[in-house]
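First up is the structure itself, then whatever we jot down about it.
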Amino acid sequence: MTAGLSDVPPDGQAVQAEPLRPRHCKPAAWKRVVLKLSGEALADEGGNNVSSSLVDQLASEISDVWVSLEVDIAVVVGGGNIWRGMAGSIGGMDRAQSDHMGMLATVINALALQDALERRDVPTRVMTAIGMAQIAEPYIRRRAVRHLEKGRIVIFAAGTGNPFFTTDTAAALRAAEVDADVVLKGTHSGIDGVYTADPQTDPDAELLGEVTFLEVLSRELAVMDSAAIAVCKDNATPIVVFDLMTRGNFRSVVEGETLGTLVR
Ligand code: UDP
């Protein structure tokens with residue numbers, strides 16, 4: 001991978017060579033994917049909001065796909081393990097202020113994931129929807145696409161940059177912007193797809209193999225929030241909801257195996 005002009009720092013020093021993607025990559029089911037992972041996927045039961053072993057497990061799943069499959073990978077990471085805007089506003093905070101805190105929480109998670117990926121020699125860029133140029137690149141669509149074309153994993157942080165939204169909507173929006181083929185919504189807590197009811201409380205809940213955007217909206221199925229579903233529907237971006245915490249699942253989904261629920 002040759003460094004582009006935009007990678008050359010102003011002082012003209014040579015940039016450190018990035019690892020090459022191995023040549024034995026197999027084709028994947030999609031050319032470009034956006035993986036959405038919730039902040040809670042990083043929190044353990046021992047009270048660690050950002051568990052290094054869970055971050056490393058996720059980095060391992062992502063790097064396995066990066067090493068072995070021909071696919072561009074972008075990741076949108078949530079912040080619910082640290083802060084949710086809604087929780088603050090229930091406690092009396094101004095909602096927009098509280099949402100700003102939530103967006104900053106996603107940046108903490110993104111930096112943790114970047115660190116874990118880089119320790120596995122995977123070239124990674126964090127791009128933030130709120131400017132904080134000292135620690136990450138600002139989100140610029142064309143630049144994000146360029147990183148993906150060069151085989152870098154792009155982690156989109158700070159959601160959409162706007163309060164009153166969620167990182168689910170950020171995933172749908174970024175997928176449309178970078179022309180991704182699919183949003184892969186990774187779940188945790190043992191939920192492996194979309195059910196007719198909450199499987200944790202209703203023993204009759206059934207896993208749906210495939211469902212339409214309209215059904216998700218009209219039956220209020222728990223997939224992603226309605227704004228995210230609307231963006232995916234309008235842009236014909238399918239969503240696969242699958243259990244991200246089972247080892248090998250991310251790779252199986254990117255290889256095209258039928259897992260979880262397809263929404264389209
Ligand atoms: N958030 C926001 N705008 C966005 C994305 C996120 O205001 O575009 C805030 C919001 O307060 C949200 C928090 O960031 O509760 C964390 O994001 P999210 O709840 O989507 O995280 P996840 O549930 O995926 O961990």
Side-chain angles (χ1 to χ4, degrees), residues 33-45 47-51 54-55 57-58 61-62 74-114 116 126-132 136 138-141 144 154-178 183-191 194 198 200 221-232 235 237 239-245 250 260 263:
V33 302
V34 171
L35 171 68
K36 163 68 211 298
L37 65 94
S38 287
E40 275 163 8
L42 308 182
D44 68 17
E45 285 167 3
N48 295 304
N49 286 352
V50 183
S51 143
L54 285 173
V55 175
Q57 179 185 328
L58 288 164
E61 299 296 310
I62 296 168
V75 182
V76 171
V77 61
N81 53 326
I82 299 169
W83 188 261
R84 273 184 208 286
M86 190 67 94
S89 74
I90 289 169
M93 274 186 79
D94 174 74
R95 174 67 192 268
Q97 182 87 342
S98 189
D99 278 341
H100 285 150
M101 291 168 65
M103 285 187 271
L104 294 180
T106 74
V107 180
I108 293 175
N109 291 334
L111 294 180
L113 187 61
Q114 177 178 43
V126 173
M127 302 190 105
T128 58
I130 295 171
M132 46 186 90
Y139 171 68
I140 297 169
R141 187 185 69 85
V154 178
I155 304 172
F156 294 121
T160 62
N162 300 291
F164 302 99
F165 284 95
T166 66
T167 52
D168 279 354
T169 306
L173 179 65
R174 295 292 182 249
E177 287 183 281
V178 303
V183 171
L184 302 177
K185 160 88 179 177
T187 63
H188 53 97
S189 327
I191 309 286
V194 182
D198 183 351
Q200 282 167 336
L221 298 172
V223 179
M224 293 166 101
D225 58 78
S226 53
I229 299 294
V231 174
C232 285
N235 294 290
T237 310
I239 305 166
V240 177
V241 184
F242 72 104
D243 174 13
L244 175 62
M245 304 316 281
F250 180 43
V263 186

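Ligands are counted one by one from 1 in listed order, and the atoms in each one are counted from 1 as well. Computed from a prediction, not measured in an experiment: that's the story for all the values here.
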Main-chain N/O of [Y] paired to [X] side chain as donor or acceptor, under 3.5 Å:
| X | Y | answer |
| --- | --- | --- |
| Thr167 | Ala170 | no |
| Asn235 | Thr237 | no |
| Ser189 | Ile191 | no |
| Thr160 | Asn162 | yes |

Handout entry: Option with minimal heavy-atom separation from atom 1 (N) of ligand 1, where the choices are Phe165, Trp83, Phe164
Key =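 Residue with the shortest heavy-atom distance to the ligand atom: Phe165.
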Practice task
Can you label the angle between the Phe156 ring and the Tyr139 ring as parallel, tilted or perpendicular, going by 30° and 60°?
Solution key: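 Phe156 vs Tyr139 ring planes: perpendicular.
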For [X], is at least one N or O under 3.5 Å away from an N or O on ligand 1?
| X | result |
| --- | --- |
| Thr160 | yes |
| Asn81 | no |
| Gly80 | yes |

To which protein heavy atom is [atom] closest, and what is the distance rounded to 0.1 Å?
| atom | result |
| --- | --- |
| atom 19 (O) of ligand 1 | Arg84 NH1, 2.9 Å |
| atom 10 (C) of ligand 1 | Asp99 OD1, 3.3 Å |
| atom 3 (N) of ligand 1 | Asn162 O, 2.7 Å |
| atom 5 (C) of ligand 1 | Thr166 C, 3.3 Å |
| atom 13 (C) of ligand 1 | Gly102 CA, 3.6 Å |
| atom 18 (P) of ligand 1 | Thr167 OG1, 3.5 Å |

Exercise for the section: Indicate yes or no: at least one non-hydrogen side-chain atom of Ile82 is less than 4.5 angstrom from one of Val50. Expected result: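 Answer yes - side chains close enough.
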Exercise for the section: Answer whether the closest heavy-atom distance between the side chains of Met245 and Leu54 falls below 4.5 Å. Expected result: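 Counting from C-beta outward, Met245 and Leu54 do come under 4.5 Å.
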Exercise for the section: Specify side chain, backbone, both or neither for Ala170, according to which of its non-hydrogen atoms lie closer than 4.0 Å to ligand 1. Expected result: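 Neither; no heavy atom under 4.0 Å.
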